[in-house]
Amino acid sequence: MTSEATAIRVVGTAGHVDHGKSTLLTALTGMDPDRLREERERGMTIDLGFAWVTLPGGGDIGFVDVPGHQDFIRNMLAGIGSIDAVLLVVAADEGVMPQTREHLAILGLLGIDRGVIALTKRDLVDDEWAALAVSDVRAALRGTALADAPLVEVSSTARRGLDELLLALQRVLGEAPARRDIGRPRLPVDRSFTMSGFGTVVTGTLVDGSLAVGDEVAVFPGDLRTRVRGLQTHRRSLDVARPGSRVAANLSGIEKDSVSRGMVVARPGSLETTTLVAVRLALLAGASGALEHDEEVKVHVGTAETMARAALLEGSAIAPGETAWVQLRLASPIAVAVGDRLVVRRPSPSETIGGGAVADLATARLRRRPDTVAALERRTAPSPASRLLASLDVPRTPAEAAERSGLAPHDRDAAVAELIADGRALRLGDALVSREAFEALATHVERICAQAHRKMPLRAGASREEVRSAVGLPAKRFTALVERLVVEQRLADRGSALALPSHRPRLSEDEERRWLGARAALAKEPLQPPSPAQLEADHGLGRELVAALAERGDVVRIGTEAVFLPDAVTRFARVVVDELVASGSITVARARDLSGSSRKHVLPLLQFLDDRGVTRRQGDDRILVLTPDAARERIASFSHQGEDGP
């Protein structure tokens, strides 16, 4: 078994029906790309065919032979999207035909800008006619990316010009950039079949990453899990297939009917499935008419096709030759990534009308508003940093934002560093967020706190968990948001409550009067105070008011069992610590006798000291945990603490 595929380029054919594409590939490769019996009988390609050849300078070309007949344009679109270059075939005896022009338009929409033109059937015409055909081809290519593409005159039957054609392809492919590898392999499926002794096999052109035998993969849409049992390229078994290769993948444990053309094999969780795609749609100048809002169209992306409604986001129609933002609302889900190019066709009468690159995979329908268009424009900005920033409208991990922006890892890392350095983005735990989105989150938190202060002025602030739920952030990201707002002095963290820094629980005049009466009752016997129930019955000190007084530092609450004045707690603690320094341990009875309190109150007070890390229970006694000086320093802080201390 070959350990790894060498770089293999893929070339797709294009051209009008019966201009000799399949015959030319057979002459070049010695293989008949027409794999279906009816194709061979009719002499016309109706589905995708595949063949390959070794170039004069070494290395293989994989050919995808696509049908030229207009009735089979859907199959052509399934094969042409992942190629490195095109072999445009024009018959010398007929010249440029309608399907030639449509294929050229599709190549432009898919961004395929490299290729070689083969003028076939050269043996059927004389030199003068051939010169006219060449002129016809050059005129058709004027203004396209293939305007200066090399043209080779060939005859498949006479085997004329074949070597020159391979050399031209070698030169063109040598100038093509290496296939993108972002570590996220995708295999758009163009064929699925069963092989005896192997099971289900799928084929396609691998993009965006390498695939290895043994990899766990999923089939999208549907997220059906499986493993790669085997890999082949050009009938050679591999351990690893590289991006850009024509690949046959043997998938274990799934039925052939579970995977079909249009699906994508990828790593679990690495690909989104959606029914909403935003694209800046370019309508061909030769389209038969304008594209109207909500018009039904057929969408081709990767190897998938589906019907859709074209929801125009600006204006009521797109005229031929113009571009506009459109959200395509798909009739069935597809697996797609930002940056993938798509083609749009009218279903009846059938014609290719436009296309573009996927800019956004929305989770909801976009509204026809200027800010929607502005956001999409930012998503397609020329700078990687600007595109990444547009994806940080909510907190996302760098990987999530890069996938949404269509960025490769090295572009992502450079963009993250740039955005952090100039302050346009901030970190929130494992995520990044734009400065603008951070300010929106911060304002939301501040408004929730302000509203809580107005409604419940006695409380320390808004419930931390309620604020987190309202903002909609996971715990770690919310904690990072709170920490940053505290550092910026825009928020006060009060444990289970969050507040604006200026907020203090405010008592009314009546509540202040009730507090004065209760304070006198608490001061009468500080270490044997009235119970919370007594305080409420005798002085109207309910739970809300006690909590406010604790937050203000006027009382110390110990659970729901007791309320003490801070000085009383400090005095008790000093007595206990002095005894511990002298004797090494203290019992409940000894603490009761020394403080003049009762067992009912001593128990929660000793537990309070345990909870604050001053003492620790050992059997029935307490021992000192801290040094005497550290213990006395901690005790001094009790009179400055709010509810239940730190």
Side-chain angles (χ1 to χ4, degrees), residues 11-22 24 44-49 64-83 85-120 133 136-147 149 151 190 279 281-291 295-305 307-308 310 318-323 341-357:
V11 174
T13 64
H16 195 73
V17 65
D18 201 31
H19 275 207
K21 295 188 294 297
S22 300
L24 176 59
M44 181 177 72
T45 300
I46 61 177
D47 205 345
L48 300 175
V64 181
D65 186 30
V66 302
H69 195 281
Q70 63 176 356
D71 292 343
F72 306 112
I73 195 73
R74 55 183 293 205
N75 293 334
M76 180 267 186
L77 283 161
I80 205 73
S82 302
I83 63 174
V86 64
L87 178 59
L88 180 64
V89 176
V90 181
D93 60 339
E94 289 190 330
V96 174
M97 299 292 283
Q99 212 63 51
T100 314
R101 298 185 187 279
E102 183 166 19
H103 281 202
L104 274 172
I106 290 170
L107 293 170
L109 294 170
L110 293 175
I112 296 166
D113 56 4
R114 287 179 174 78
V116 174
I117 294 85
L119 191 69
T120 58
D136 185 31
V137 171
R138 288 301 182 192
L141 294 176
R142 194 173 298 127
T144 74
L146 298 176
L151 185 150
D190 52 41
V279 58
L281 189 68
L283 211 66
L284 293 173
S288 61
L291 178 68
E295 184 176 339
E296 188 175 49
V297 295
K298 184 174 284 188
V299 177
H300 298 262
V301 57
T303 59
E305 64 168 294
M307 298 302 296
I318 308 176
E322 294 185 352
T323 63
R341 300 188 75 91
L342 57 80
V343 171
V344 173
R345 307 190 79 231
R346 278 201 175 96
S348 181
S350 180
E351 68 166 323
T352 301
I353 60 170

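One-based numbering along the sequence shown.
The side-chain heavy atoms of T120 and V90, taken from C-beta on, include no pair separated by under 4.5 Å. V343 places none of its side-chain heavy atoms less than 4.5 Å from the side chain of V301. A heavy-atom distance below 4.5 Å is found between the side chains of L119 and L151. R101 is listed as a side-chain neighbour of V96, based on a closest heavy-atom distance under 4.5 Å.
Across all non-hydrogen atoms, the minimal contact from A308 to V299 is CB-CG2, 3.7 Å. Across all their heavy atoms, K21 and H16 have their closest contact at NZ-O, 3.2 Å. Considering all non-hydrogen atoms of both residues, G355 and L109 come closest at N-CD2, 3.4 Å. The two atoms that bring A287 and L283 nearest to each other are CB-CG, 4.3 Å, heavy atoms only. Of all heavy-atom pairs spanning L284 and A105, the tightest one is CD1-CB, 3.7 Å. Contact detail for V297 and L291: the closest heavy-atom pair is CG1-CD1, 3.8 Å.
Side-chain atoms of S350 never come within 3.5 Å of backbone atoms of P347 as a donor-acceptor pair (strictly under, hydrogens ignored). R142 places no side-chain N or O within 3.5 Å of a backbone atom of A147 that could act as its donor or acceptor partner. Between the D190 side chain and the T303 main chain, no donor and acceptor come within less than 3.5 Å of each other.
Considering only residues two or more places apart in sequence or on other chains, E94 meets the salt bridge (Lys or Arg N to Asp or Glu O under 4.0 Å) condition with none of them. Listed by chain and number, the residues in a side-chain contact (heavy atoms from CB on, under 4.5 Å) with D113 are A145 (sequence neighbours excluded). Residues satisfying the side-chain contact (heavy atoms from CB on, under 4.5 Å) test with A290, not counting sequence neighbours, are E292, A317, P320. Partners of T323 by side-chain hydrogen bond (donor to acceptor under 3.5 Å, both in side chains), not counting sequence neighbours, listed by chain and number: R280. Residues that satisfy the side-chain contact (heavy atoms from CB on, under 4.5 Å) test with S288, not counting sequence neighbours, are R346, E351. Scanning for side-chain contact (heavy atoms from CB on, under 4.5 Å) contacts around A149 gives I117, L146, with sequence neighbours left out. With sequence neighbours excluded, no residue forms a salt bridge (Lys or Arg N to Asp or Glu O under 4.0 Å) with R341.
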* To do: Test side chain to side chain contact (heavy atoms under 4.5 Å, CB included) on L281 and I353 and set out the steps.
  => CA-CA 10 Å; L281 189 68; I353 60 170; 5.8 Å; no
* **Residue pair L88, L104: steps toward the side chain to side chain contact (heavy atoms under 4.5 Å, CB included) verdict** => CA-CA 9 Å; L88 180 64; L104 274 172; 3.9 Å; yes
* To do: Check the pair T100 / V137 against side chain to side chain contact (heavy atoms under 4.5 Å, CB included), numbers first and verdict last.
  => CA-CA 10 Å; T100 314; V137 171; over 6 Å; no
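Atom OG1 of T352 sits about 8.0 Å away from atom NE2 of H103, to the nearest 0.5 Å. Taken from CG in L110 to CD1 in I83, the straight-line distance is 8.0 Å, to the nearest 0.5 Å.
Remark: of the listed residues E102, E295, E296, E102 is the sole one forming a salt bridge (Lys or Arg N to Asp or Glu O under 4.0 Å) with R345.
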